[in-house]
Amino acid sequence: MSRIHPLIFLAALASACSGGTTTPTPPPPPPPPPPPAAVATVTVTPGTSTLAINATAPLTATLRDAAGNTLTGRSVSWSTSNQAIATVSQTGVVTAVTAGGPVTITATSEGKSGTASITVSPPVIASLELSPPTTTLGVGETVQLVATPRDAAGTALPINVTTWATNNDQVATVSSSGLVTAIGPGGPVTISAQAGTVSATATITVTAPPPTVVAVTAGFDHTCALMDDGTARCWGSNFNGQLGDGTTTNRSTPTPVAGGHRFKMLAAGGTATCGIDTNDVTRCWGAGAFGQLGNGSTTSSSVPTPVTSPGEVMVEVSLAHQTWFACALSVTGKVYCWGTDPTAEINGSTEVLVPTLLPVTVPVATELSVGTLYGCGLITSGAAYCWGANPNGNLGNGNTTRNPIPTEILGGHVFTSVDARSVHSCGRKANGQVWCWGNNASGQLGDGSQVQRATAVQVTGITDFTEVAVGTNSTCGLRANGTAWCWGSNANSTLGDGTTTLRTAPVAVSGGRAYTEVSIGSGHACALAADGLYCWGRNAEGQLGDGTTTTSPVPKKVL
């Protein structure tokens with residue numbers, strides 16, 4: 001018989017006792033995982049940094065537990081103590097904004113924080129650029145200069161200029177923001193700017209404002225203007241050199257009179273022009289064949305030549321539209337004349353080549369105007385005296401007989417001005433009335449008729465004239481409101497009313513513009529307004545100054 005292992009026996013015995021079934025014992029549960037280590041320290045690297053403006057730098061936050069083990073996967077928040085100097089993103093990238101510091105950058109995780117110190121250094125300026133570098137301004141104009149500091153790489157730096165200066169504040173000034181203002185003509189002026197230790201300059205030149213017209217005189221077929229700087233400009237017919245530009249070429253735009261002279265007054269005649277300069281020298285230019293330049297010769301000149309001095313200072317010079325002589329009024333009220341006078345009515349001779357005192361002296365004169373072989377002037381009382389040829393009653397003495405003796409016109413009139421540049425004359429009174437006498441074939445006396453008058457008649461309809469100007473066969477005046485009114489011959493649209501209709505009474509010049517001065521020639525007229533000079537009428541020689549030779553029935557602005 002075989003032997004049974006004790007363990008097998010015991011197991012069988014246990015099974016028999018239990019009825020034959022066995023229940024296994026479950027294994028114990030696994031132990032819970034250990035809790036994550038807490039953040040014990042936060043270290044930010046690099047701990048100290050210096051950055052330039054606009055530079056960026058990444059910072060790193062290292063987290064460790066109490067045992068010094070590095071921790072990962074933890075959230076970190078970033079902040080700055082002064083975002084005006086340096087900002088920080090939530091990934092730890094620092095951006096330098098402006099110079100300053102130190103700024104504290106803080107990294108925080110699970111209540112623990114670490115910091116880094118950031119200093120933003122001021123940029124190093126390598127150069128300073130001014131724009132625009134060169135400028136030309138007119139008086140009163142401004143320009144804003146822009147200063148741009150740059151580093152060594154040429155990058156623009158956000159630094160303000162600390163100092164602006166000018167080396168001549170009489171020509172140009174500069175504000176603390178770089179705004180330059182032109183004060184007076186001159187230059188170039190140096191404008192300097194400084195940022196830190198670096199400086200730069202710009203140059204400013206200030207030009208004088210363009211001269212403006214202050215007076216106008218219309219000759220037979222040419223016109224001259226006196227500018228506010230004393231220079232003279234002429235245009236129109238130049239066959240005899242009467243424009244004074246050194247040529248005999250017609251000009252349809254204003255051309256400077258040669259010589260650089262500065263004048264106080266100008267008078268344009270038929271084929272010559274005269275003026276008195278700021279040194280009290282009377283100068284004439286143009287036709288000289290009849291001695292009308294007053295320089296002792298009969299040679300024409302296309303540039304101003306001095307009139308031989310009679311030993312007195314002249315204050316006014318006058319030339320007619322259709323004659324060969326000129327006269328001037330001295331500071332003492334005497335009248336001197338020169339040139340050729342076939343009737344010897346004006347200066348007592350058929351040829352006088354230098355200024356000669358009128359043989360029969362006018363009572364002390366205050367104003368002078370000469371017409372075709374006659375002259376008129378005012379004396380201190382305002383009475384008008386005329387002398388010379390008298391075929392049309394233009395001496396105003398009631399007849400048509402020549403009279404070489406200056407004689408007061410009939411009627412006891414008192415005038416503030418008188419004009420006698422053709423074969424009729426007009427005077428203006430202080431009350432605004434205008435009275436005219438002489439030839440009236442074209443209605444140029446303005447009395448509503450075409451009847452010749454040997455005594456003065458009042459211009460009809462208007463009593464507020466401030467100025468009157470006589471032309472060859474036409475007359476113009478300015479009213480108190482500045483509007484221009486004309487009458488007489490209109491064949492060349494001389495009256496400026498848009499028509500060619502003869503007018504025996506004043507008609508308004510088109511446009512309603514306000515003028516301060518008016519002058520009339522043989523077929524054109526010009527008047528000065530606030531915005532410039534305007535002319536109208538005949539323009540065959542360019543005497544309107546608009547760049548054309550086209551007649552205009554209405555005012556056109558002189559170029």
Side-chain angles (χ1 to χ4, degrees), residues 217-218 267 315-316 318-321 327 329 333 335 346 362-390 392-400 403 405-440 442-449 451-480 484-488 504-506 517-520 525:
T217 175
V315 294
E316 186 177 10
S318 180
L319 297 87
H321 289 155
C327 291
L329 177 66
V335 176
I346 293 296
V362 181
V364 178
T366 60
E367 185 172 327
L368 172 69
S369 183
V370 297
T372 303
L373 300 179
Y374 80 105
C376 289
L378 293 185
I379 65 172
T380 52
S381 67
Y385 280 70
C386 298
W387 65 96
N390 193 26
N392 304 109
N394 37 283
L395 300 189
N397 60 4
N399 59 59
T400 57
N403 183 11
I405 301 174
T407 304
E408 184 177 358
I409 72 167
L410 297 180
H413 301 285
V414 176
F415 297 114
T416 58
S417 65
V418 66
D419 199 10
R421 301 184 68 198
S422 184
V423 287
H424 74 288
S425 308
C426 293
R428 190 192 78 87
K429 296 186 176 183
N431 62 6
Q433 295 177 359
V434 167
W435 291 67
C436 299
W437 57 97
N439 190 305
N440 197 26
S442 298
Q444 59 263 50
L445 302 189
D447 67 343
S449 78
V451 177
Q452 181 171 291
R453 307 289 186 178
T455 57
V457 291
Q458 185 178 346
V459 173
T460 186
I462 296 175
T463 58
D464 65 346
F465 283 109
T466 60
E467 183 177 342
V468 64
V470 167
T472 299
N473 293 301
S474 309
T475 311
C476 289
L478 299 183
R479 298 186 64 177
W485 293 67
C486 298
W487 55 96
T504 61
E517 185 175 358
V518 63
S519 183
I520 185 169

- Any donor-acceptor pair under 3.5 Å from Asn440 side chain to Arg453 backbone: no
- Query: Between the side chain of Ser318 and the main-chain N/O of Val370, is any donor-acceptor distance below 3.5 Å?
  - Reply: yes
- Message: Would you say that Ser425 contacts Leu395 through its side chain, given a criterion of any heavy-atom pair below 4.5 Å between the two side chains?
- Response: no
- Check Arg421 against Ala218 and note the closest heavy-atom contact, atom names and distance. NH1-O, 3.2 Å
- Kindly say whether Ala420 contributes a backbone atom to a donor-acceptor pair with the side chain of Ser369 at under 3.5 angstrom? yes
- Is any side-chain heavy atom of Asn397 less than 4.5 Å from a side-chain heavy atom of Cys386? no
- Item | Where Gln444 and Trp487 come nearest, the two heavy atoms and their spacing | O-NE1, 2.9 Å
- Message: For Trp437 together with Tyr374, are the ring centres under 6.0 Å from each other?
- Response: no
- Just by distance, do the side chain of Ser422 and the backbone of Asn473 share a donor-acceptor pair under 3.5 Å? no
- Going from CH2 on Trp435 to CZ on Phe415, what distance comes out if it is rounded to the nearest 0.5 angstrom? 8.0 Å
- Query: What closest approach, in Å, do Leu445 and Gly438 show between heavy atoms, and which atom pair accounts for it?
  - Reply: CD1-O, 3.5 Å
- Stepwise side-chain contact (heavy atoms from CB on, under 4.5 Å) check, Val335 with Tyr385: CA-CA 12 Å; Val335 176; Tyr385 280 70; over 6 Å; no
- Task: Tell me, with the steps shown, if Glu467 and Ser417 meet side-chain contact (heavy atoms from CB on, under 4.5 Å).
- Result: CA-CA 8 Å; Glu467 183 177 342; Ser417 65; over 6 Å; no
- Heavy-atom donor-acceptor pair, Asn390 side chain to Asn399 backbone, under 3.5 Å: yes
- Message: I'd like to know if the side chain of Gln458 reaches the main chain of Gln433, judged simply by a donor and an acceptor atom lying under 3.5 Å from each other, with no hydrogens or angles considered.
- Response: no
- Quick one: does Asn394's side chain have a donor or acceptor within less than 3.5 Å of a partner on Asn392's backbone? yes
- Message: Quick one: does any side-chain atom of Thr416 pair with a main-chain N or O of Arg428 as donor and acceptor, under 3.5 Å?
- Response: yes
- Residues Ile520 and Cys476: closest non-hydrogen pair is CD1-SG, 3.7 Å
- Task: Say whether, by atom type as modelled, one donor and one acceptor occur between the side chain of Glu316 and the main chain of Leu368 under 3.5 angstrom.
- Result: yes
- Atom CD in Glu517, atom OG1 in Thr217: separation rounded to 0.5 Å? 8.5 Å
- When you look at Cys426 and His424, which way does the side-chain contact (heavy atoms from CB on, under 4.5 Å) test go after all the steps? CA-CA 7 Å; Cys426 293; His424 74 288; 4.1 Å; yes
- Item | Exercise: identify the closest heavy-atom pair between Asp464 and Arg479 | OD1-NE, 2.8 Å
- Side chain of Thr407, backbone of Ile405: donor and acceptor closer than 3.5 Å? yes
- Query: Closest heavy-atom contact between Thr372 and Ala320?
  - Reply: N-CB, 4.1 Å
- Task: Determine whether Val459 and Cys436 make a side-chain contact, defined as any pair of heavy atoms from C-beta on separated by less than 4.5 Å.
- Result: yes
